[in-house]
Amino acid sequence: MNKKYIFVVGGVMSSVGKGIATASCAKILKAKGYSTTCIKIDPYINVDAGTMNPTEHGEVFVTDDGDETDQDIGNYERFLDVDILSTNYMTTGRVYKKVIEDERNLKYKGKCVEVVPHIPMEVVRRIKDASTKTDSEITVIEIGGTVGEYQNVLFLEAARMMKTENPDDVIFVMVSYLPIPKMVGEMKTKPTQSAVRTLNSSGIQPNVLLCRSEKLLDEKRKEKLSIFCNLNKKAIISAPDADSIYDVVLNFKNENLDERLIELLNLEERQSSNELKKWENFANKVKEVKEEITIGIVGKYFKTGDYVLSDSYISVIEAIKHAAWYYNKKPIIKWLYSDEYEKHPEKLEELKSCDGVIVPGGFGTRGIEGKIEAISYVRKNDIPFLGLCYGMQLATIEFARNIAGISDATTEEMDEDGKNRVINTMKDQINKIKNGNYGGTMRLGAYPCLLNKNSKSFEYYKKENISERHRHRYEFNNEYRKLLEEKGLLIAGTSPDNNLVEIIENPKNKFFVGSQFHPELKSRPLNPHSLFLGLINAALKNDE
């Protein structure tokens with residue numbers, strides 16, 4: 001069969017769930033027996049997501065092959081239960097960079113290289129390349145932002161070109177928002193009608209409308225959209241707010257979206273797998289759990305103005321959920337501001353209300369002493385603790401200061417002239433930092449780790465050799481390793497050459513673990529991550 005392509009675009013406003021819709025479309029088609037993959041297109045000039053402020057942009061998701069991508073790549077991985085690699089991610093900056101490099105290398109053979117058609121042609125090449133490399137029959141491509149934004153024009157042009165070239169193999173899905181103004185009390189279709197007309201002006205007619213709203217679409221709204229958006233009523237899919245993102249797959253299945261997509265792509269019916277049955281059992285379990293467990297996240301990337309956003313830690317949040325649901329518990333996330341602990345140390349008492357505490361990754365010096373104080377508090381009070389990347393490094397500093405007696409222990413990231421830098425810069429990073437070479441230069445992607453068989457980590461992984469994803473410039477300073485071990489710190493995991501400390505533990509606590517890597521990036525709904533299972537299990541015992 002010819003390779004098939006589904007473009008997912010946004011209408012009316014951003015943040016209505018294009019990423020989840022993209023992942024869900026791929027999931028239901030995978031369950032119908034087709035090999036699928038997802039691509040994310042981000043319309044910004046940044047070459048990747050690595051240099052962007054997480055409060056503004058959200059989490060940077062790292063792939064196995066070391067690409068710093070948008071958080072939607074994480075959604076694709078969690079829904080499809082596959083590793084998505086760098087070939088499936090592009091930005092405006094990345095596309096332009098490649099075209100300019102090709103022009104400099106005479107790959108255009110003296111042609112006048114122009115924005116159109118050469119930029120859209122490079123986009124098309126990348127889409128087809130990802131489809132081939134992943135050996136996918138159906139590729140679902142999410143175009144970031146909303147139609148009508150200037151930044152999207154060239155990506156829409158690429159999609160139009162693909163449709164013109166192979167009209168039977170390319171379709172368009174628009175995820176649009178239907179507001180219900182309180183003062184009106186009626187679901188309004190006009191914004192979506194306008195969004196469809198804007199898409200039409202790019203030479204594209206959507207084949208399916210996924211209608212996001214607080215409530216289900218009624219027949220009257222479907223009829224109206226069908227008439228004014230030039231669509232069959234069967235192609236107008238209700239996508240109401242869901243209690244869990246994992247319900248979206250089942251909602252689409254119930255709306256027969258899979259049948260509609262197969263019809264539009266001229267595909268034959270295949271024997272369905274039991275994949276959606278497993279997913280349904282999981283989703284039902286999520287609805288049924290009642291007993292709560294409270295996990296505190298001590299961070300600093302929560303606030304934007306007067307609003308609290310969790311996108312900076314989306315993979316951490318989902319990993320907590322996966323592990324809590326595995327133990328039939330309803331996770332309650334408690335946001336804890338490290339800055340506040342520096343100003344008001346008495347607020348540390350609120351940590352007692354948590355069954356477990358996580359200090360996630362991060363960068364810079366703001367709020368760091370507050371995080372160290374929080375780590376000290378949970379260690380002394382034996383509250384189960386998991387430190388991720390920077391959280392592991394700060395746990396090492398806390399141990400060095402308060403147990404090993406190195407009162408001025410620090411990290412080179414905080415104090416480059418500090419006398420006792422128990423966390424220092426990785427050797428290959430020194431010149432990169434000195435020269436201001438920051439983009440895509442950290443230790444990135446999956447690396448092997450060898451576990452200590454006497455550790456909690458080995459107890460939960462149940463194997464000696466593991467592979468985990470990294471994103472850091474600083475590391476455990478081996479000059480302090482012997483001293484810290486003598487004082488009771490357990491080195492629970494190292495690189496195979498024993499040079500890089502990957503996991504630390506304090507054996508005197510029920511569960512006190514810090515990982516140099518980011519375990520949250522590999523957690524899946526039906527396969528929770530081992531370290532998060534360890535944290536939740538210890539939190540349950542702590543609650544008893």
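Quick note: residue numbers are just sequence positions, from 1.
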Exercise for the section: Take W335 and V298, measure what side chain to side chain contact (heavy atoms under 4.5 Å, CB included) needs, and give me the verdict at the end. Expected result: CA-CA 7 Å; W335 304 109; V298 182; over 6 Å; no
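- With K3 contributing its side chain and K128 its backbone, the two residues share no donor-acceptor pair below 3.5 Å.
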Practice task
Might you work through the side chain to side chain contact (heavy atoms under 4.5 Å, CB included) test for I397 and I423, ending with a clear yes or no?
Solution key: CA-CA 8 Å; I397 293 170; I423 303 295; 4.2 Å; yes
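- Residues V62 and H518 are not in side-chain contact: their nearest non-hydrogen atoms beyond the backbone lie 4.5 Å or more apart.
- In this structure a side-chain-to-backbone donor-acceptor pair under 3.5 Å is missing from E520 to A319.
- Side chain of S338 to backbone of G367: a donor-acceptor contact under 3.5 angstrom is found.
- You'll find the side chain of V175 reaches within 4.5 Å of the side chain of R212, heavy atoms only.
- Shown here are the side chain to side chain donor-acceptor pair (under 3.5 Å) partners of E468, two or more places apart in sequence or in another chain: Y461, H529.
- A donor-acceptor distance shorter than 3.5 angstrom exists from the side chain of K18 to the backbone of G145, with no hydrogens or angles considered.
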Exercise for the section: Go through the steps to decide whether F532 and H322 satisfy the test ring-ring contact (aromatic ring centres under 6.0 Å, His included), and finish with yes or no. Expected result: CA-CA 8 Å; F532 283 86; H322 302 160; 8.9 Å; no
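- P206 places none of its side-chain heavy atoms less than 4.5 Å from the side chain of V173.
- Panel note: side chain D339, backbone G370; no donor-acceptor pair is recorded below 3.5 Å.
- Salt-bridge check for E398 with R401: failed, with every basic side-chain N at 4.0 Å or more from each acidic carboxylate O.
- Of the inter-residue distances, the one linking L388 atom CG with F517 atom CZ reads 9.0 Å to the nearest 0.5 angstrom.
- Ion pair R443/E502 flagged as a salt bridge, since at least one NZ, NE, NH1 or NH2 atom sits closer than 4.0 Å to an Asp/Glu carboxylate oxygen.
- Between the side chain of E505 and the main chain of A492, no donor-acceptor pair closer than 3.5 Å is present.
- Below 30°, between 30° and 60°, or above 60°: for W279 and F79 the angle between ring planes is between 30° and 60°, a tilted geometry.
- Side-chain contact between I127 and S131: absent, with no pair of heavy atoms (C-beta onward) separated by less than 4.5 Å.
- Salt-bridge check for D415 with R421: failed, with every basic side-chain N at 4.0 Å or more from each acidic carboxylate O.
- The environment of NZ in K432 is crowded: more than 12 heavy-atom neighbours from other residues, nucleotides or ligands sit within 6.0 Å.
- A donor-acceptor contact under 3.5 angstrom links the side chains of R78 and S315, judged on distance only.
- With Y377 as the aromatic partner, R379 does not meet the cation-pi criteria of under 6.0 angstrom to the ring centre and within 45 degrees of the ring axis.
- Taken to the nearest 0.5 Å, the CD1 atom of I119 stands 8.5 Å off from the CZ atom of F155.
- Listed for the S495 side chain is a donor-acceptor partner under 3.5 Å among the backbone atoms of L500.
- Under the salt bridge (charged side-chain N to carboxylate O under 4.0 Å, His left out) test applied with E77, the options R469, K27, K522 reduce to a single match, R469.
- Under the 4.0 Å criterion applied to side-chain N and carboxylate O atoms, E373 and K343 are not assigned as salt-bridge partners.
- Between D67 and R94 there is a salt bridge, with a side-chain nitrogen of the basic residue lying less than 4.0 Å from a carboxylate oxygen of the acidic one.
- Between the side chains of Y89 and D42, a donor-acceptor pair is found at a separation under 3.5 Å.
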Practice task
Could you go through the side chain to side chain contact (heavy atoms under 4.5 Å, CB included) check for T139 and K4 one step at a time?
Solution key: CA-CA 6 Å; T139 302; K4 305 290 185 175; over 6 Å; no
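- Side chains of K40 and T69: no donor on one and acceptor on the other come within 3.5 Å.
- Here the closest non-hydrogen pair linking V501 and Q516 is O-CB, 3.8 Å.
- Here CD1 of I138 is found 7.0 Å from OG1 of T36. Values are rounded to the nearest 0.5 Å.
- A side chain to side chain donor-acceptor pair (under 3.5 Å) check over residues 96-105, counting only residues at least two apart or in different chains, returns the pairs K97-E101, K98-D102.
- Annotation: the span from L80 atom CG to T37 atom OG1 amounts to 7.0 Å, rounded to 0.5 Å.
- Remark: the backbone N or O of P43 is not paired with any side-chain donor or acceptor of Q151 at under 3.5 angstrom.
- The heavy-atom pair separating V60 from A49 by the smallest distance is CG2-O, 3.3 Å.
- Counting all heavy atoms, side chain and backbone alike, N88 lies closest to A130 at OD1-CB, 3.8 Å.
- In this structure the side chain of L210 never reaches within 4.5 angstrom of the side chain of S176, judged on heavy atoms.
- Y44 OH: more than 12 foreign heavy atoms inside a 6.0 Å radius.
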Problem - D65 and S86: CA distance, side-chain angles, deciding distance, side-chain hydrogen bond (donor to acceptor under 3.5 Å, both in side chains) verdict - result: CA-CA 7 Å; D65 61 348; S86 57; 2.7 Å; yes
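- Side-chain atoms of Y246 and E318 form a donor-acceptor pair, as typed in the model, at a separation below 3.5 Å.
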Practice task
Could you go through the side-chain hydrogen bond (donor to acceptor under 3.5 Å, both in side chains) check for S353 and K334 one step at a time?
Solution key: CA-CA 9 Å; S353 65; K334 189 167 187 177; 2.4 Å; yes
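- The shortest heavy-atom contact between N152 and G144 is OD1-O, 2.9 Å.
- For the atom pair CE of M90 and CD1 of I143, the computed distance is 9.0 Å after rounding to the nearest 0.5 Å.
- Side-chain contact between V9 and L199 is present, with heavy atoms from C-beta onward closer than 4.5 Å.
- Closest heavy-atom contact between I383 and L351: CD1-O, 3.5 Å.
- Counting only distance, with no hydrogens or angles, the side chain of K163 and the backbone of V170 share a donor-acceptor pair below 3.5 Å.
- In this structure, the side chains of T22 and Y76 come closer than 4.5 Å at one or more pairs of heavy atoms.
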Problem - Worked verdict on D241 versus S213 for side chain to side chain contact (heavy atoms under 4.5 Å, CB included) - result: CA-CA 6 Å; D241 290 348; S213 192; over 6 Å; no
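- Between the side chain of N207 and the main chain of F172, a donor-acceptor pair closer than 3.5 Å is present.
- The shortest heavy-atom contact between G361 and C389 is CA-CB, 4.4 Å.
- A salt bridge links R125 to E122: at least one charged side-chain nitrogen sits closer than 4.0 Å to a carboxylate oxygen.
- Taking the side chain to side chain donor-acceptor pair (under 3.5 Å) definition, one finds that D129 meets it with K133, sequence neighbours left out.
- Between L526 and D81, every side-chain heavy-atom pair lies at or beyond the 4.5 Å cut-off.
- Put simply, CG on N424 and CD on Q393 are 9.5 Å apart, with the number rounded to the nearest 0.5 Å.
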